[in-house]
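Report on one structure; see the data block that follows.
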Amino acid sequence: MRPDIRYRCGQLLSTLEMVARGDAVTVVAELSLPSRPYVEGYVNRPLSPAVRRQVGLAMLDEEGVSLAARAFMKMAARLRSEGVLEGARLAPAGCT
């Protein structure tokens with residue numbers, strides 16, 4: 001099977017609008033979906049088999065990171081403690 005790619009969209013909400021109108025289907029990471037539906041008319045389904053990916057954040061020193069990076073680290077730690085990130089490891093500063 002070969003996909004027939006007709007659109008490429010860089011904005012998630014625009015992509016979801018196209019799906020809601022029936023113009024497209026898409027595959028996105030579940031954690032990237034809005035927490036409340038800004039767009040009605042789409043459903044999310046798990047992939048089978050499940051797809052795993054590794055996301056990392058490297059920084060020179062923890063004190064100089066941006067607010068966004070700090071928020072990412074806090075969210076990752078929370079999701080890990082809630083069991084959402086199965087098998088995730090958060091390496092302390094200076095570790096590889």
Side-chain angles (χ1 to χ4, degrees):
M1 178 160 66
R2 175 173 268 174
D4 179 13
I5 300 171
R6 296 183 185 189
Y7 309 104
R8 293 192 186 273
C9 190
Q11 298 295 319
L12 178 61
L13 293 179
S14 299
T15 301
L16 294 177
E17 283 282 353
M18 292 173 65
V19 170
R21 285 195 317 255
D23 293 337
V25 296
T26 189
V27 176
V28 299
E30 184 175 16
L31 289 176
S32 70
L33 291 172
S35 57
R36 68 172 211 251
Y38 289 95
V39 178
E40 299 289 330
Y42 71 87
V43 296
N44 62 328
R45 302 273 190 251
L47 293 178
S48 181
V51 176
R52 300 268 182 221
R53 66 180 178 200
Q54 191 171 10
V55 176
L57 177 64
M59 66 194 90
L60 190 55
D61 79 65
E62 203 168 331
E63 296 302 316
V65 299
S66 69
L67 291 176
R70 198 173 306 279
F72 177 85
M73 292 185 300
K74 185 176 179 181
M75 179 184 68
R78 180 181 54 81
L79 291 173
R80 181 175 176 236
S81 70
E82 292 172 1
V84 175
L85 302 177
E86 295 175 20
R89 67 182 179 89
L90 301 176
C95 294
T96 59

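The first residue of the sequence shown is numbered 1, and numbering continues consecutively from there. Note that the structure is a prediction, hence the values are computed from the model and not measured.
Residues satisfying the side-chain hydrogen bond (donor to acceptor under 3.5 Å, both in side chains) criterion with Glu63, sequence neighbours excluded, are absent altogether. A search for side chain to side chain contact (heavy atoms under 4.5 Å, CB included) contacts involving Ser48 returns nothing, not counting sequence neighbours. Glu82 meets the salt bridge (charged side-chain N to carboxylate O under 4.0 Å, His left out) test with Arg78; sequence neighbours excluded. In this view, Arg21 and Asp23 satisfy the side-chain hydrogen bond (donor to acceptor under 3.5 Å, both in side chains) rule, not counting sequence neighbours. Residues that satisfy the side chain to side chain contact (heavy atoms under 4.5 Å, CB included) test with Ala69, not counting sequence neighbours, are Leu57, Val65, Ser66. Applying the salt bridge (charged side-chain N to carboxylate O under 4.0 Å, His left out) test to Arg45 and every residue at least two apart in sequence or in another chain returns nothing. Asp61 meets the side-chain hydrogen bond (donor to acceptor under 3.5 Å, both in side chains) test with no other residue; sequence neighbours excluded. In this structure Leu67 satisfies the side chain to side chain contact (heavy atoms under 4.5 Å, CB included) test with no other residue, sequence neighbours excluded. Under the side-chain hydrogen bond (donor to acceptor under 3.5 Å, both in side chains) criterion, Gln11 pairs with no residue at all, not counting sequence neighbours.
The shortest non-hydrogen separation linking Leu12 to Pro34 is CD2-CD, 4.5 Å.
In the hydrophobic clustering, where aliphatic and aromatic side chains (Ile, Leu, Val, Met, Phe, Trp, Tyr) are joined below 4.5 Å either directly or transitively, Tyr7 groups with Met18. Under a 4.5 Å side-chain heavy-atom cut-off, the cluster of Ile, Leu, Val, Met, Phe, Trp and Tyr residues that includes Val51 is completed by Val27, Leu47.
For the side chain to side chain contact (heavy atoms under 4.5 Å, CB included) criterion with Cys9, the lone passing option out of Leu16, Thr15, Thr26 is Thr15.
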